[in-house]
Number of protein chains: 2
Amino acid sequence: MSPKAQPPGIAFRKHDHRRCQRQLLAEATQLCAERNLRLTSRRRQVLEILLASHQPMGAYDILAKLNRTAPNEQIAPPIVYRALEFLLGEGLIHRIESLNAFISCAHPGHRCGAQFLICRDCDQVAELEVSDNGLLAEAGSLGFAVDHSVVEITGVCAECQKHVG
Amino acid sequence: MSPKAQPPGIAFRKHDHRRCQRQLLAEATQLCAERNLRLTSRRRQVLEILLASHQPMGAYDILAKLNRTAPNEQIAPPIVYRALEFLLGEGLIHRIESLNAFISCAHPGHRCGAQFLICRDCDQVAELEVSDNGLLAEAGSLGFAVDHSVVEITGVCAECQKHVG
DNA sequence: TATGGTTACGTTATAATATAACACTATGTC
DNA sequence: GACATAGTGTTATATTATAACGTAACCATA
Ligand SMILES: [Zn+2]
Ligand SMILES: [Zn+2]
Ligand SMILES: [Zn+2]
Ligand SMILES: [Zn+2]
């Protein structure tokens, strides 16, 4: 089975996010099963926190949320960072470098680089998946062997442009 | 006068860096004069430290270098960050988000977004200037108003590929 | 050349982000 | 159960960045 990926720019569209969320969690669960990896409760907890929205969250925001849900235990940074590391490694979340923050992946399992549109008004982030040929071509012509690419475009989404103008 | 920009990928080519450095400093000086801005000695100091190579440096590396050159005074972080802020604002340097580091700009004054190839072997960073159409087109089709773009490609440069075998 | 406004610099303290190191616990295998 | 391994918990600390406030340099005008 190959579940359908979220369409590009979904973060900026009105959509049934409950469903969006459920679908992505199911995909993550399945993907871990297929890879024989353990989506432990900590890891799932962190993933669910990120799946709750299309907004990126800092590691310490996630930490705070964890500690709010379970005020008896006192969770420390390494726990969060380790869960994030696992999720990043499996392509279930992405790191937004220009925000020092993390966001759930809209197409779990795609191992290639993603591109992000970041609205500085509503803080939503949409994930694209464009084969940005021009750039990779230039890299190729210089004999540069690409490993990983970070593409983060900041601006104002269509919805927010309406509300301001 | 419009001085010639460094060709794309210069960081990965053998070149007369003394000259490269001199040229970029001259351009920076002129540009500040034209804009009626003060390239103070602190700012110039920080710029010169970055111009010394095509490798990005962390703010604290720059700080350490400043303090090494003048062991009598004890310079503190805000001084460095303020100089960096000025240089960033004028497009004389760039911030490499994925490294939390700074690098001198190869085309001072160009206000548009740049793209970087980052060699994880030799730590050199080459600045490109490609109109990466595919991506901006996608952004446009979503009605997203682009503000600033971060493009950072990590990999291994041609030279380093030879040396590893 | 005084005077006042502005910009830049210096200093101290602290915030925000991230990791090292090591002990303990759960999980799967024999 | 004994063992190896992977995951978690805990403490301390490293790294990156900024807030707040005072001082000095610069620049215009009188
Ligand atoms: Zn959604
Ligand atoms: Zn928006
Ligand atoms: Zn050079
Ligand atoms: Zn290299």
Side-chain angles (χ1 to χ4, degrees), chain A residues 28-29 32-33 35-50 55-67 69-90 92-103 123 150 152, chain B residues 28-29 32-33 35-50 55-67 69-90 92-103 123 150 152:
Chain A
T29 305
C32 286
R35 294 183 186 164
N36 245 311
L37 297 170
R38 296 169 54 203
L39 187 57
T40 62
S41 64
R42 274 280 175 254
R43 290 167 177 176
R44 181 192 310 267
Q45 244 181 323
V46 169
L47 179 58
E48 284 178 340
I49 287 172
L50 287 174
Q55 297 182 0
M57 294 182 74
Y60 280 75
D61 296 331
I62 296 169
L63 181 59
K65 204 152 212 176
L66 281 176
N67 279 325
T69 11
N72 36 344
E73 44 182 353
Q74 251 306 346
I75 291 164
I79 291 181
V80 172
Y81 280 101
R82 282 193 291 233
L84 290 171
E85 188 181 22
F86 171 83
L87 297 167
L88 282 170
E90 298 309 319
L92 299 173
I93 64 173
H94 295 287
R95 181 178 160 83
I96 306 289
E97 298 289 349
S98 56
L99 298 174
N100 292 335
F102 303 86
I103 192 164
D123 295 323
V150 170
E152 299 172 7
Chain B
T29 306
C32 286
R35 294 183 186 164
N36 246 310
L37 297 169
R38 296 168 53 203
L39 186 58
T40 61
S41 65
R42 275 279 177 255
R43 291 167 175 174
R44 180 191 311 267
Q45 245 180 321
V46 169
L47 178 58
E48 283 178 339
I49 287 173
L50 287 175
Q55 297 181 359
M57 294 183 75
Y60 280 75
D61 296 331
I62 295 170
L63 181 59
K65 203 151 212 177
L66 281 175
N67 279 325
T69 10
N72 36 344
E73 44 182 354
Q74 251 307 347
I75 292 165
I79 292 179
V80 172
Y81 280 101
R82 281 193 292 233
L84 291 171
E85 188 181 21
F86 171 84
L87 297 167
L88 282 170
E90 299 309 318
L92 298 173
I93 64 173
H94 295 287
R95 181 178 159 83
I96 306 289
E97 298 290 348
S98 56
L99 298 174
N100 292 335
F102 303 86
I103 192 164
D123 295 323
V150 170
E152 300 172 7

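Below, chain A is the first sequence line, B the second, and so on; all start at residue 1. These numbers come from the heavy atoms of this one structure, side chains and all, not from hydrogens, waters or symmetry mates.
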In the 5'-to-3' direction, what one-character label does each nucleotide of nucleotides 17-30 of chain C receive under the scheme B = base within less than 4.0 Å of a protein heavy atom, S = sugar-phosphate only, - = no such atom?
BBBBB-----S---

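Side-chain atoms of E152(B) come within 3.5 Å of backbone N or O of E97(B) as a donor-acceptor pair. Listed for the R42(A) side chain is no donor-acceptor partner under 3.5 Å among the backbone atoms of A83(A).
In this structure, L63(B) and I79(B) have side chains that are not in contact, with every pair of non-hydrogen atoms separated by 4.5 Å or more. Contact annotation: the side chain of L92(B) never approaches that of L50(B) to less than 4.5 Å [non-hydrogen atoms, C-beta and beyond]. Inter-residue side-chain proximity for F86(B) and L37(B) is flagged as met; some heavy-atom pair is nearer than 4.5 Å.
What separates CG of L39(B) from C1' of dA8(C) is a distance of 13 Å, to the nearest Å. Straight-line distance from the CG atom of L63(A) to the P atom of dA16(C): 13 Å, rounded to whole Å.
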Secondary-structure string, 5' to 3', Watson-Crick or G-U under 3.5 Å, | for another-strand partners, for DNA chain C
||||||||||||||||||||||||||||||

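The heavy-atom pair separating G58(A) from A101(A) by the smallest distance is N-CB, 4.0 Å. What you find for I49(B) and M57(B) is that their closest heavy atoms are CG2-SD, 3.5 Å.
Atoms CD and CZ, on E48(B) and R43(B) in that order, are 14.5 Å from each other to the nearest 0.5 Å. Taking OG1 of T29(B) as the start and CG of L47(B) as the end, the distance is 8.0 Å to the nearest 0.5 Å.
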Audit row: L84(A), R95(A), side-chain contact (heavy atoms from CB on, under 4.5 Å) steps and yes/no:
CA-CA 9 Å; L84(A) 290 171; R95(A) 181 178 160 83; over 6 Å; no

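For DNA chain D, the span of nucleotides reached by chain A at under 4.0 Å from its heavy atoms goes, 5' to 3', from dG7(D) to dT11(D).
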